[in-house]
Protein chains: 4
Amino acid sequence: MAGVNKVILVGNLGSDPEVKYLEGDNAVANLSIATTEAYKNRNGERVEQTEWHDLEMWGAQAKIAEQYLKKGSQIYVEGKLKTDKWQDEQGQNRYRTKIRVLSFTMLGAKPDGAMGGNTNAPQQSNQQRPASAAPTSAPKAQEMVSDTEDDDLPF
Amino acid sequence: MAGVNKVILVGNLGSDPEVKYLEGDNAVANLSIATTEAYKNRNGERVEQTEWHDLEMWGAQAKIAEQYLKKGSQIYVEGKLKTDKWQDEQGQNRYRTKIRVLSFTMLGAKPDGAMGGNTNAPQQSNQQRPASAAPTSAPKAQEMVSDTEDDDLPF
Amino acid sequence: MAGVNKVILVGNLGSDPEVKYLEGDNAVANLSIATTEAYKNRNGERVEQTEWHDLEMWGAQAKIAEQYLKKGSQIYVEGKLKTDKWQDEQGQNRYRTKIRVLSFTMLGAKPDGAMGGNTNAPQQSNQQRPASAAPTSAPKAQEMVSDTEDDDLPF
Amino acid sequence: MAGVNKVILVGNLGSDPEVKYLEGDNAVANLSIATTEAYKNRNGERVEQTEWHDLEMWGAQAKIAEQYLKKGSQIYVEGKLKTDKWQDEQGQNRYRTKIRVLSFTMLGAKPDGAMGGNTNAPQQSNQQRPASAAPTSAPKAQEMVSDTEDDDLPF
DNA sequence: TTTT
DNA sequence: TTTT
């Protein structure tokens with residue numbers, strides 16, 4: 001059956017990516033980005049409305065995010081919606097929707113410039129990363145970074 | 001500040017649209033659509049994964065949805081993500097994400113055929129609609145139906 | 001450098017796909033689809049504007065198109081723009097833009113029904129296809145059909 | 001009839017926008033933007049492929065482009081494909097595809113910084129613009145700039 | 001050249 | 001809860 005589930009965002013990270021390393025050199029990154037829309041209300045005043053989106057990246061993508069993205073980074077994101085549903089202790093339905101990222105690219109500033117003076121520099125985050133996390137041939141975040149996980153789970 | 005917040009879906013309605021009429025001849029419709037993705041797991045078995053999406057339509061769009069869409073209808077939807085956040089009685093953060101529809105179009109079946117034998121036929125739903133709800137010049141759901149709300153609120 | 005080049009179409013085939021088989025069991029399909037937009041002019045009359053798009057599919061995707069799509073089929077398409085530029089005999093620049101399809105899915109009608117009474121039936125086109133063209137495990141056009149070419153050329 | 005004709009691009013201007021002023025304070029801007037894709041060929045070498053896209057903007061949008069965009073500016077663009085077809089003197093079909101922009105936003109650098117030292121500064125281009133071209137309440141290019149033409153022609 |  |  002035909003189905004399309006696609007999200008396209010351009011926004012800025014509200015904080016540095018949170019990356020967790022899992023068994024088998026796998027990694028998952030959680031990011032929060034804001035998209036802001038400006039409009040004029042009926043008094044002609046400019047109003048800004050900000051929407052926050054939770055992103056999830058896996059594998060090499062998560063590692064690239066850790067290495068190149070930080071609070072304030074502007075990115076283009078393409079992904080799909082995924083809603084977790086569970087019951088809390090009161091037996092009530094709880095929902096949380098996130099965007100599973102399929103590809104992203106860093107916008108604007110060159111990454112070198114972007115990293116200069118960055119206190120969350122790669123060297124530091126490297127300390128908590130497996131040595132193999134950043135192969136020298138790795139793509140960079142200002143190129144398109146696609147999800148290339150080899151598992152058979154499409155989530 | 002630049003921002004893009006865009007969702008594109010193709011899926012089927014899980015049930016008839018739920019439409020509420022408000023003061024001033026305004027209306028809001030809530031729809032739930034499923035997008036299904038098929039893939040093969042590592043045993044080579046075909047697996048289907050279904051994601052459900054909550055849609056919200058306003059104004060003329062809501063009325064067209066009521067008139068032309070029903071359980072099973074396949075639609076193309078374009079909209080934006082909007083997450084409501086509130087605190088429940090336990091003081092816990094609760095979230096609910098929906099898609100504010102900006103335009104949609106009915107896919108596949110001709111609307112005449114689609115309406116044939118439809119127990120939620122326009123005549124019936126007309127009974128609970130203000131007379132002005134369906135001007136004879138109204139677009140139909142198999143054309144692109146854009147949000148034309150005149151209010152100054154971009155939600 | 002960051003780049004996004006994305007096209008999303010929903011339209012109907014103007015004619016059956018034209019498929020050519022190449023060496024090494026490769027195949028290429030050319031399709032033409034129409035997207036129609038309706039609007040009202042300043043006299044309040046309904047006007048339709050149709051745009052035609054040239055699609056190009058490769059490999060397994062081309063074979064699935066040949067097997068399941070025909071004149072009139074409604075499809076969702078995702079792809080990227082690709083413009084060929086050359087000089088004609090008069091030394092003038094000539095351009096031709098097509099959409100390299102990355103994924104597509106058939107909309108609306110069930111494929112079985114769609115094929116019924118189709119004079120361009122698979123059996124006939126099979127005569128000119130390598131035997132391996134349609135493995136029994138092939139996806140169908142009413143599922144998402146992604147480009148899976150293994151070559152290293154992103155065109 | 002259902003139809004979707006959508007293009008999404010992120011790229012950089014190859015040159016300053018070319019803006020023409022028409023009767024009635026209307027304006028049209030032509031821009032050319034490049035989207036670059038990087039991939040590895042079968043020798044493992046990094047290859048870049050650049051695609052050029054012709055954009056067309058009208059009205060206020062064109063004027064904002066003139067004021068804020070220049071060679072090298074990175075923009076997000078949303079629009080629709082439009083192909084002109086005509087016959088040349090030899091009676092041969094000629095085609096030219098462009099993207100009619102529906103909305104765009106400037107990416108990366110803040111506009112103030114972007115304008116600093118810009119030799120195509122607003123003051124200069126103002127000289128050739130009707131006085132009413134840039135109302136003080138005009139949106140800026142780093143907000144989303146939507147097409148708001150009031151004519152009834154969807155081209 | 002499609003579709004409604 | 002849809003669809004195939």
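We use all heavy atoms of the structure for the numbers below, so side chains are in, but hydrogens, waters and symmetry mates are not. The sequence lines fix the lettering, A, B, ..., with proteins before strands; numbering per chain opens at 1.
- Counting to the nearest Å, the P atom of E/dT4 and the OH atom of B/Tyr76 are 20 Å from each other.
- In summary, C/Lys82 and C/Asp54 do not engage in a salt bridge, as defined by a charged side-chain N under 4.0 Å from a carboxylate O.
- If you take CG of C/Asn12 and P of E/dT4, they are 7 Å apart, rounded to a whole angstrom.
- The side-chain contact (heavy atoms from CB on, under 4.5 Å) search around C/Val10 returns B/Tyr76, B/Leu107, C/Gln74, C/Tyr76, C/Leu107, D/Val4, not counting sequence neighbours.
- Classification of B/Arg94 and B/Asp88 as a salt-bridged pair holds, one side-chain N sitting under 4.0 Å from a carboxylate O.
- Separating the NE2 atom of C/His53 from the C1' atom of E/dT2 is a distance of 11 Å, rounded to the nearest angstrom.
- Residue-level contact check: B/Leu13 touches the backbone only, with heavy atoms under 4.0 Å from sugar-phosphate atoms and none from bases.
- Regarding C/Glu51, its CD atom lies at a distance of 13 Å from the C1' atom of E/dT2, rounded to whole Å.
- Atom CG of B/Leu107 is separated from atom P of F/dT3 by 15 Å (rounded to the nearest Å).
- Of the candidates E/dT4, F/dT1, E/dT2, F/dT1 carries the atom nearest the B/Lys71 side chain, counting heavy atoms from C-beta on.
- Closest of all the heavy-atom pairs between B/Lys6 and D/Ile8 is CD-CD1, 4.1 Å.
- Contact annotation for B/Ser73: no contact, since no heavy-atom pair falls under 4.0 Å across all strands.
- Rounding to whole angstrom units, CD of residue B/Gln74 and C1' of F/dT2 are separated by 10 Å.
- Rounded to an integer number of Å, the gap from C/Glu48 CD to E/dT2 C1' is 11 Å.
- Scanning atom types as modelled, one donor and one acceptor separated by under 3.5 angstrom connect the side chain of C/Thr50 and the base of E/dT2.
- Look at CD on B/Glu18: it is 11 Å from C1' on F/dT1, rounded to the nearest Å.
- Listed by chain and number, the residues in a side-chain contact (heavy atoms from CB on, under 4.5 Å) with C/Ser103 are C/Glu78, C/Met144, C/Ser146 (sequence neighbours excluded).
- With distances taken from any side-chain atom of B/Thr36 to the nucleotides E/dT3, F/dT4, F/dT3, the minimum falls on F/dT3.
- Distances were taken from every side-chain heavy atom of C/Ala34 (C-beta onward) to each of F/dT4, F/dT1, E/dT2; the shortest belongs to E/dT2.
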